[in-house]
Amino acid sequence: MAHETTDYVDLRSDTVTKPTPEMREAMAEADVGDDVYMDDPTVNKLQEKAADMLGKEDSLFVPSGTMGNLLALLVHCQRGDEVIVGDQSHIYINEAGGMSALGGIHPRPIANQRDGTLLLDDIRASIQTEDVHHTITRLVCLENTQNVCGGVPLTVEYTREVGRIAKENGLLLHIDGARIFNAAAALDADVKELVQPADSVMFCLSKGLAAPVGSMLAGSKKFIARARHLRKMLGGGMRQAGVLAAAGLISLEKMTGRLKQDHARAKSLYEGLKQVGGVRLDAAPSSNMVYFDLAEHVSSSEDQIVAQMKKRGVLVDWAGPRRFRLVTHYWVDDAGVSKSVGAFADILK
Ligand SMILES: *Cc1c(COP(=O)(O)O)cnc(C)c1O
């Protein structure tokens with residue numbers, strides 16, 4: 001649905017973030033070249049900087065997080081291989097089945113716990129034994145922060161444990177870190193440590209980091225060289241992409257350090273909604289997402305609530321039957337939080 005978003009408080013997602021004025025200026029002035037020839041100095045700088053921040057050998061600028069995850073799966077797996085994924089993971093439920101459709105890769109979903117983790121015993125138990133009937137397990141995927149479980153961060157210790165299990169069993173580990181900098185901010189952890197056990201990691205520039213387009217995929221030099229080849233195959237080889245990378249550089253330099261503000265605003269939104277009848281809140285937010293269900297006595301449908309909120313200047317989206325997810329980001333300030341709480345109080349009273 002198209003919205004004229006000026007003046008609205010937009011809590012639908014952190015993907016709605018428009019570039020900052022500084023980004024627009026950097027985009028206009030970006031030094032560019034043909035990135036398929038690896039000639040774009042701004043893209044090269046972004047890729048070096050992202051690899052450096054994540055403590056990986058190399059990285060690749062990709063058009064979307066979905067393509068980044070798909071490339072990782074395609075590089076790591078052969079047709080018929082199996083991937084252990086969370087049953088609530090973006091890779092499993094929100095990427096159009098790309099791994100199966102395009103890679104012939106077989107997903108093995110196991111339950112995401114409330115805290116976003118996969119139980120270590122479940123991971124161990126789902127690794128296939130060598131048998132003519134079985135697929136070959138190749139890869140484990142984690143998602144950090146775990147979106148559907150509430151934007152919850154997975155800790156350094158947990159990630160290390162999963163990395164250890166993967167190693168012991170000859171498996172690779174990929175982290176869908178669309179919001180890995182939110183996880184680092186939520187945990188006060190170094191992002192390098194959070195992704196250290198992973199063979200590959202994807203993160204989005206285009207969400208809370210406010211860039212207009214793009215994600216990064218990081219890993220070894222060899223992994224990235226193969227991913228670059230497959231990116232071209234998928235039609236993701238871009239030309240003067242430095243125009244976009246210029247915004248991504250500001251994401252890394254200026255936006256990663258301010259995510260705690262979004263987390264604090266998610267907390268105030270949560271505290272405000274606690275005072276409003278009619279909502280059953282999940283646990284207090286640990287990053288930039290607030291999830292709640294409508295209480296039984298609320299008779300409005302999800303769509304009616306979306307429309308009533310819009311009338312009051314707040315854009316929201318439902319996340320399931322009687323369930324909502326509100327996301328804070330760069331363009332939501334304290335006044336926006338108060339306005340949103342006020343609007344909910346008004347329509348749910
Ligand atoms: C948004 C998201 C992606 C995919 O990114 P797109 O740029 O939308 O393709 C992958 N994983 C998670 C957890 C996400 O939230």
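When a ligand or atom number is given, it counts from 1 through the structure's own listing order. Quick note: numbers below take in every heavy atom, side chains included, and nothing from hydrogens, waters or symmetry partners. Here the structure is a predicted model, which is why all the values come from computation and not from measurement.
- The CE atom of M202 sits 11.0 Å away from atom CD1 of I175, with the distance rounded to the nearest 0.5 Å.
- Residue V9 comes nearest to S340 through the heavy atom pair CG1-OG, 3.6 Å, listed as atom of the first residue, atom of the second, then distance.
- F61 is linked by a ring pair (Phe, Tyr, Trp, His ring centres under 6.0 Å) to nothing, counting only residues two or more places apart in sequence or in another chain.
- Of the residues V85, D176, N112, the one that meets the side chain to side chain contact (heavy atoms under 4.5 Å, CB included) test with Y92 is V85.
- Between K221 and E57, the shortest heavy-atom distance links the atoms N-OE1, 2.7 Å.
- Listed by chain and residue number, the protein contacts of ligand 1 are S64, G65, T66, N69, H90, E95, E143, N147, D176, A178, R179, M202, C204, K207 (heavy atom within 4.0 angstrom).
- If you run salt bridge (charged side-chain N to carboxylate O under 4.0 Å, His left out) between D35 and each of R228, R231, K45, R239, only R231 comes through.
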